[in-house]
Every structure is written in C-alpha cells, then in structure tokens.
Amino acid sequence: MKNDIEYDVQLNSQERLTLQIPETVFQPTGTTTTLIEAVKNSISSPGSLLDIGCGSGVVGLTLSKEGMVAGPLHASDLSEDAIKCVQDNAKNLGLDLDARCGSLFDPWKDCLFDYIVDDVAGIAKKIAEVSPWYTFAPCDAGEDGAELIVQIIEQAKSHLKPGGQFFFPVITLSNVDRILDVARSQFENLDLCLHK
C-alpha cells in the first residue's frame with residue numbers, strides 16, 4: 001500500500017529485517033527495540049513463542065528471524081489490520097506463523113508456550129488521548145495505563161510451560177508500582193532490565 005512505512009531492524013552486522021507497516025497498525029517505538037534486546041539477551045535456546053499484542057509483528061518476527069523461535073511464531077492482536085500486517089510480513093520473510101485476532105489470551109485457550117512476549121498498550125488514558133501513537137491503534141489501558149498489562153500478568157502463568165519466561169515492558173507513562181506489585185505477586189523470579 002502507498003501509505004505503508006518501511007521499518008528496518010538490524011539483526012546483525014550484515015543482515016536487516018524490513019517490515020511493511022500500514023498507518024492503521026501501531027508503529028514500533030523505542031520501547032519495542034528495548035523489549036527485543038531484553039528478550040534476545042535472556043533466551044538461551046529456541047522455544048515456542050507467543051507475541052501478544054503483536055502489532056506489525058516486529059518483536060516476534062525479529063526473534064524468529066534470529067533463530068529464537070522453535071516451530072511457528074504465535075502472534076495475536078485485537079486489531080484485524082495488525083493480524084493482516086503480521087501475516088504479510090511473515091510471508092515476505094518466509095517465516096512460519098500462527099496469527100489469531102482476539103483480546104489478550106482469548107485466542108490461546110489451553111495453549112502453553114516456552115516464551116510469552118507482551119507489547120500491548122501501557123499508556124495512561126489522558127496521555128494516549130493526545131498521543132499520535134494511538135491515532136489508529138486501540139489503547140484501552142485505563143486511567144493509569146496499567147489495566148491491560150495487569151490482566152496479562154495475572155493470566156500469563158497459566159499459559160507458560162514449566163520453566164517458561166514472560167517478558168513485558170513497563171514505562172513511566174503508566175502506574176509502574178501497580179504493574180510491578182502485580183508481577184511480584186504472580187512470579188517468584190522477576191528480573192528488571194532497565195533502559196536509560
């Protein structure tokens with residue numbers, strides 16, 4: 001489409017990954033890049049991976065292209081445009097994908113994963129209302145920006161295989177203390193990767 005943007009990710013010193021992203025799909029930010037790096041630094045072997053709130057698929061497709069995903073990449077988003085986008089990008093990259101449209105874990109009932117990567121909206125409502133980030137993409141993160149991530153944190157354990165890992169960003173445009181308190185109540189081991 002003529003309104004698509006091209007988004008490049010540097011995989012290594014010689015290889016780049018290029019995605020086509022329509023204007024109706026959330027555009028990656030610095031948070032996305034930080035999340036990708038944190039996951040790459042934490043995964044020691046390939047496994048089944050769910051990219052929840054996948055948007056264009058940049059996180060999951062990058063990890064898949066880097067050899068960190070065993071089997072198909074599993075991706076979901078509330079936006080039908082995002083699902084079409086991730087499907088098109090996976091096809092263009094020659095990557096195996098199981099993409100489903102739906103809210104949070106609804107498309108993945110009874111599914112277990114080695115890794116879950118979450119990049120859903122985490123911006124307080126008043127900020128999202130004036131932000132160009134959410135012109136087309138939904139942002140139902142609530143007054144404090146924590147609603148969606150809290151719901152995901154509370155459900156993530158039931159979708160992880162034994163020894164599985166869950167990755168999620170926390171930014172200061174949401175209620176960081178609330179998010180971390182819920183994460184500590186759900187997970188015994190919580191590692192923080194700080195980005196400056």
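Below, all heavy atoms of this structure are taken into account, side chains as well, without hydrogens, waters or symmetry copies. Residues: numbered from 1 along the sequence shown.
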* Could you give me the CA-CA distance, side-chain angles and deciding distance for Leu160 and Phe166, then say whether side-chain contact (heavy atoms from CB on, under 4.5 Å) is met? => CA-CA 8 Å; Leu160 284 171; Phe166 171 50; 4.0 Å; yes
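- Looking only at distances, a side-chain donor or acceptor of Asn89 sits under 3.5 Å from a matching main-chain atom of Gln20.
- To the nearest 0.5 Å, the span separating NZ on Lys84 from SG on Cys101 amounts to 13.5 Å.
- Phe187 places a side-chain heavy atom less than 4.5 Å from the side chain of Ile153.
- Expressed to the nearest 0.5 Å, how far CG of Leu104 lies from NE2 of His159 amounts to 9.5 Å.
- Nearest heavy-atom pair, Ser158 versus Leu112, reported as atom, atom and distance to 0.1 Å: O-CD2, 3.4 Å.
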* Asked: Yes or no on side-chain contact (heavy atoms from CB on, under 4.5 Å) for Phe168 and Asp119, after CA distance, side-chain angles and deciding distance?
  -> CA-CA 6 Å; Phe168 61 95; Asp119 200 10; over 6 Å; no
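- Counting heavy atoms from C-beta outward, Pro72 and Leu97 have side chains that stay 4.5 Å or more apart.
- Pairs of residues two or more places apart, or lying in two chains, never qualify as salt bridge (charged side-chain N to carboxylate O under 4.0 Å, His left out) while including a residue from residues 52-64.
- In this structure, Phe105 CZ and Cys111 SG are separated by 10.5 Å, a value rounded to the nearest 0.5 Å.
- A distance of 11.0 Å separates OG1 in Thr24 from CD in Glu80, rounded to the nearest 0.5 Å.
- Note: His74 and Trp108 meet the aromatic proximity criterion, with ring centroids under 6.0 Å apart.
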* Report the C-alpha separation of Gln186 and Glu154 in whole Å, then their side-chain angles, then the decisive distance to 0.1 Å, and conclude whether the side-chain hydrogen bond (donor to acceptor under 3.5 Å, both in side chains) test is met. => CA-CA 7 Å; Gln186 296 295 312; Glu154 290 174 341; 5.4 Å; no
Please list every donor-acceptor pair under 3.5 Å in which a side-chain atom of residues 46-62 meets a protein atom from a residue at least two apart or in another chain.
| from | atom 1 | to | atom 2 | distance (Å) |
| --- | --- | --- | --- | --- |
| Ser48 | OG | Asp114 | N | 2.9 |
| Ser48 | OG | Asp114 | OD2 | 3.1 |
| Asp51 | OD2 | Gly60 | N | 2.9 |
| Ser56 | OG | Val58 | N | 3.4 |
| Thr62 | OG1 | Val58 | O | 2.6 |

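- Annotation: the span from Ile116 atom CD1 to Lys157 atom NZ amounts to 12.5 Å, rounded to 0.5 Å.
- Side-chain contact between Leu95 and Leu73 is absent, with no heavy-atom pair separated by less than 4.5 Å.
- Between the side chain of Arg100 and the main chain of Pro107, a donor-acceptor pair closer than 3.5 Å is present.
- Going from atom OG1 of Thr18 over to atom CD1 of Ile21 covers 10.5 Å, rounded to the nearest 0.5 Å.
- For the pair Gln151 and Gln155, the minimum side-chain heavy-atom distance is below 4.5 Å.
- Asp106 contributes no side-chain N or O that, together with a main-chain N or O of Gly102, makes up a donor-acceptor pair within less than 3.5 Å.
- Contact annotation: the side chain of Leu63 never approaches that of Phe167 to less than 4.5 Å [non-hydrogen atoms, C-beta and beyond].
- Proximity of Cys85 to Leu19: side-chain heavy atoms (C-beta onward) are nowhere separated by under 4.5 Å.
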